[in-house]
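We use all heavy atoms of the structure for the numbers below, so side chains are in, but hydrogens, waters and symmetry mates are not. The chains referred to below are lettered A, B, ... by the order of the sequence lines, with proteins before strands, and numbering in each begins at 1.
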4 protein chains.
Amino acid sequence: MSIVIETGMLKQLVDKLDRLEDDKKNVLDDMKTVYNEAKSQGFDVKTLKKIIKMRRMDRNKLEEDDALLETYRNALGV
Amino acid sequence: MSIVIETGMLKQLVDKLDRLEDDKKNVLDDMKTVYNEAKSQGFDVKTLKKIIKMRRMDRNKLEEDDALLETYRNALGV
Amino acid sequence: MSIVIETGMLKQLVDKLDRLEDDKKNVLDDMKTVYNEAKSQGFDVKTLKKIIKMRRMDRNKLEEDDALLETYRNALGV
Amino acid sequence: MSIVIETGMLKQLVDKLDRLEDDKKNVLDDMKTVYNEAKSQGFDVKTLKKIIKMRRMDRNKLEEDDALLETYRNALGV
DNA sequence: ACAGAAATAAAAATGC
DNA sequence: GCATTTTTATTTCTGT
């Protein structure tokens, strides 16, 4: 049994993922900040989160409708 | 250190959960059967599953709308 | 070219599957309830789940053993 | 009794959070893509994830160590 | 039977 | 500390 690892490629991958994790952290931190500011201005965070969630669910639903249509098309071979 | 376990209660709990697992298994098996029958009648299983999923998503959306309204009510103390 | 879809059959199928999904949901909700009650009585949910899993695995194992035994018996005409 | 809602402010908040959610989604999608590419090149995704996690933990640890050192230095006026 | 995708379950982390 | 959310792990399902 032998294992060959391309260390150059691996290093590249890990660096890229690490940078993406940084991006993610930044976005998450930003959101946290916004929610905190909102709260300190008297907004109810739980409600805000629910509003956001629903907005995005609505948008998803439209995309899902399209996807279903596409599935029909494929199933019917049209 | 001492651990006291009410074995009577525990046994009761485990039995109940075990029965619920049986129920679950039965439902899952029934679904599998229906999907297999559907397939053998020429229906596309993947499409069927997507239809079901969307139907239930639509219904969930309605419930979520109500929940959001309720959240607003609570947030406003109405 | 003409495409014929048996909507009656389809509707029937979807309704049946939808009802089965309801059943499934009910069972899952029941389990959740039981686990929550168990927790509030001081039981460790994680451990409970492991116990249930093991119980059911053991039972499956026994059934498989029996099935194998039966297969041998038939093969040998015993 | 009267209820006043600053809709302008609210709308602004929701828009901003929605955009941040988009950013988040993009980053997560990118990560998924990278992991999939890595997998198709023979890398083990689970292991990759562990490596990233460890790297970041180590870095956090170092930063915390530095912060603690700084705290001491300040306390001692060094 | 097996690879890849999807679903479910379990564990961990976060916020209140 | 409890509950919700997020992440990770395992299992299941489907098409080849």
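Atom CG in B/L28 sits about 12 Å away from atom C1' in F/dC13, given to the nearest Å. As rounded to whole Å, 13 Å separates atom P of E/dT8 from atom CG of C/D29. Across the protein-nucleic acid pair, B/L48 atom CG and F/dT14 atom P stand 11 Å apart, rounded to whole Å. If you take OH of C/Y35 and P of E/dT8, they are 17 Å apart, rounded to a whole angstrom. One can place CE of D/M31 at 15 Å from P of F/dT6, the figure rounded to the nearest angstrom. Look at CD on D/Q41: it is 14 Å from P on E/dG4, rounded to the nearest Å.
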Original post:
For every nucleotide of nucleotides 10-16 of chain E, 5' to 3': is a protein heavy atom under 4.0 Å from its base (B), only from its sugar-phosphate (S), or from neither (-)?
Top reply: SS---SS

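Here the shortest heavy-atom pairing between B/I52 and C/E21 reads CG2-CG, 3.8 Å.
Ion pairing between a basic and an acidic side chain is recognised when a charged N comes within 4.0 Å of a carboxylate O; D/D66 and D/K61 show no such pairing. Of the charged side-chain nitrogens involved, none lies within less than 4.0 Å of a carboxylate oxygen, so that A/D58 and A/K53 do not count as a salt-bridged pair.
Cluster annotation: A/L28 and D/L13 are assigned to the same hydrophobic cluster (Ile/Leu/Val/Met/Phe/Trp/Tyr, side-chain heavy-atom contacts under 4.5 Å, transitive).
Residues passing the salt bridge (charged side-chain N to carboxylate O under 4.0 Å, His left out) test with D/D15, sequence neighbours excluded: A/R55, D/K11.
Atom CD of C/Q41 sits in a crowded spot, with more than 12 heavy atoms from other residues, nucleotides or ligands closer than 6.0 Å.
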